[in-house]
Amino acid sequence: MDRIRIVGGRPLSGRIAISGAKNATLPLMIASLLTDEPLVLENVPRLADVALLQRILGNHGVDVMVGGKRPGDGEYDGQTLHISAKRIVDTVAPYDLVSRMRASFWVIAPLVARMGVAKVSLPGGCAIGTRPVDLLLMALRDLGADIEIDGGYVLARAPNGLRGGEIVFPKVTVGGTHTALMAAVLARGTTVIENAAREPEIVDVADCLTKMGARISGAGSSRIEIEGVARLDGARHRVVPDRIETGTYAMAVAMAGGDVLLEGAKPELLQAALDVLAEAGAEIAATNEGIRIARNGAGIAPVRVTTEPFPGFPTDLQAQLMALMTRAKGTSHITETIFENRFMHVQELARFGAQIRLDGETATIDGVPRLKGAPVMATDLRASVSLVIAALAAEGETLVNRVYHLDRGFERLESKLAACGAEIERISG
Ligand SMILES: CC(=O)N[C@H]1[C@@H](OP(=O)(O)OP(=O)(O)OC[C@H]2O[C@@H](n3ccc(=O)[nH]c3=O)[C@H](O)[C@@H]2O)O[C@H](CO)[C@@H](O)[C@@H]1O
Ligand SMILES: C=C(OP(=O)(O)O)C(=O)O
């Protein structure tokens, strides 16, 4: 199993190209199931989750062709996927595939919308919480699907097609909103989604669906209205930049010190996180090329932050912020309201000498003057990268184990950081 070796203490300087967003790419790839015409996705990141979803879609009969590089393409330019779901040969998404990536459960929506039937394994819990799918199933029922759970599988049926309806989410759910949107675009009549998630990835998917001929208004607000259409066409779409990758590298620079341009990053996708970083003492400037982030000399100021659905501070940056606050001059408070168990990084950060107390959903972090490198491992994607951030500022060597979590969501993390002066390498095997 690969490991990442980091020797801390070096400031970062230079440029980091921000990849396309994992959390937009996955539902965009799944949306290809809605049409028999080709969907071309540009700026797709090279990630383990993308490769796995290619396999899952392949199982349904979808052809995915990865386009080669073109003259002028840079080292980190994303891939172009040509996806064709001309004929869906299987409407079953089996346990061994779905259990490895939760977002793959979302195939249930386009399959039932287009084929009238889908059988998809329940995804189960994961390291950050129980993560039920009751609200996704509620949305499908609201659109007329008959839902049965049997032997660990959800069987969704709508032999005469879905019909528009009113979906009122009792809590904001990204996956629920993606599911509702993908089901409603092919339903007969009008659907209204209330208390919809407003995440930029929802807007990106809605933009792509609109290019495919869907009639959607209000994406990005908490009320989305969809006028169903009989069929969708193909389209070409460029994936939005990854705001979580952007925020992660911004926190890495704030931690290590230095000055880095995050190329292609869009500040409006992560304003809440940038505000917190500014409060912590980082200098942030939006430029034509992206976001410039610097911290030179000044220490890190403590903050008080609560995770919230967009446009609030994202849960997917909570672990990274906690790593940064381990070096703050004072006491920080971070409250996690989205997932009940997203604190697996706390114990690992303690291995660097961090002082963190957990009380229910709030972590209290007493900043320490120095961290010391250690062997560490993490059980999920963002927790893993929080350990990398801590290691960048720790004295001596850190070995991060279970790198496959990082590879789910960060494209060539070690080469992006090494190019900015970090002492970081992947040890294979
Ligand atoms: C691939 C992807 O885009 N993943 C993101 C997505 O996950 P995901 O779509 O799974 O997260 P949700 O927004 O659905 O979850 C929000 C909360 O709602 C709860 N819930 C959700 C569905 C449901 O049927 N019942 C229910 O109770 C969840 O347990 C959680 O407490 O949004 C999360 C919240 O921004 C991010 O952390 C994940 O990175
Ligand atoms: C939690 C995440 O992903 P997933 O929803 O696929 O588990 C994430 O991207 O941080």
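Both counts, for ligands and for their atoms, begin at 1 and track the order of listing. Just so it is clear, the structure is predicted and the values come from calculations on it, not from any experiment.
The 4.0 Å heavy-atom shell around ligand 2 contains residues Lys22, Asn23, Ile128, Arg131, Asp316, Arg342, Leu381, Arg382, Arg408, ordered by chain and number. For a heavy-atom separation below 4.0 Å, the residues in contact with ligand 1 are Asn23, Ala103, Trp106, Arg131, Pro132, Val133, Asp134, Leu135, Leu136, Lys171, Val172, Thr173, Val174, Gly175, Thr315, Asp316, Ile338, Phe339, Arg342.
Scored by the side-chain contact (heavy atoms from CB on, under 4.5 Å) test, Ala24 finds Ala21, Leu28, Glu201, Asp204, Val239, Val240 as partners (sequence neighbours excluded). Judged as a side-chain contact (heavy atoms from CB on, under 4.5 Å), and not counting sequence neighbours, the contacts of Ser121 are Tyr95, Val98, Tyr153.
Using modelled atom types, one side-chain atom of Gln320 and one backbone atom of Asp316 make a donor-acceptor pair closer than 3.5 Å. Remark: the backbone N or O of Ile18 is not paired with any side-chain donor or acceptor of Glu263 at under 3.5 angstrom.
With a 4.5 Å cut-off on side-chain heavy atoms, Phe410 and Lys416 do not count as touching.
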(message) Let's go through Lys119 and Thr91 carefully: what are the C-alpha distance in whole Å and the side-chain angles of both, what is the deciding distance for side-chain contact (heavy atoms from CB on, under 4.5 Å) to 0.1 Å, and is it a yes or a no?
(response) CA-CA 6 Å; Lys119 185 177 172 187; Thr91 53; 5.7 Å; no

(request) Give the C-alpha distance, both sets of side-chain angles, the deciding distance and a yes or no for side-chain contact (heavy atoms from CB on, under 4.5 Å) between Leu387 and Leu349. (result) CA-CA 7 Å; Leu387 305 177; Leu349 288 170; 4.0 Å; yes

(message) Under the criterion side chain to side chain donor-acceptor pair (under 3.5 Å), I'd like the reasoning laid out for Thr315 against Arg342: C-alpha separation, chi angles, the key distance, then a yes or no.
(response) CA-CA 8 Å; Thr315 172; Arg342 203 168 200 179; 2.8 Å; yes

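Applying the 6.0 Å contact sphere to CZ of Arg231 captures more than 12 heavy atoms from other residues, nucleotides or ligands.
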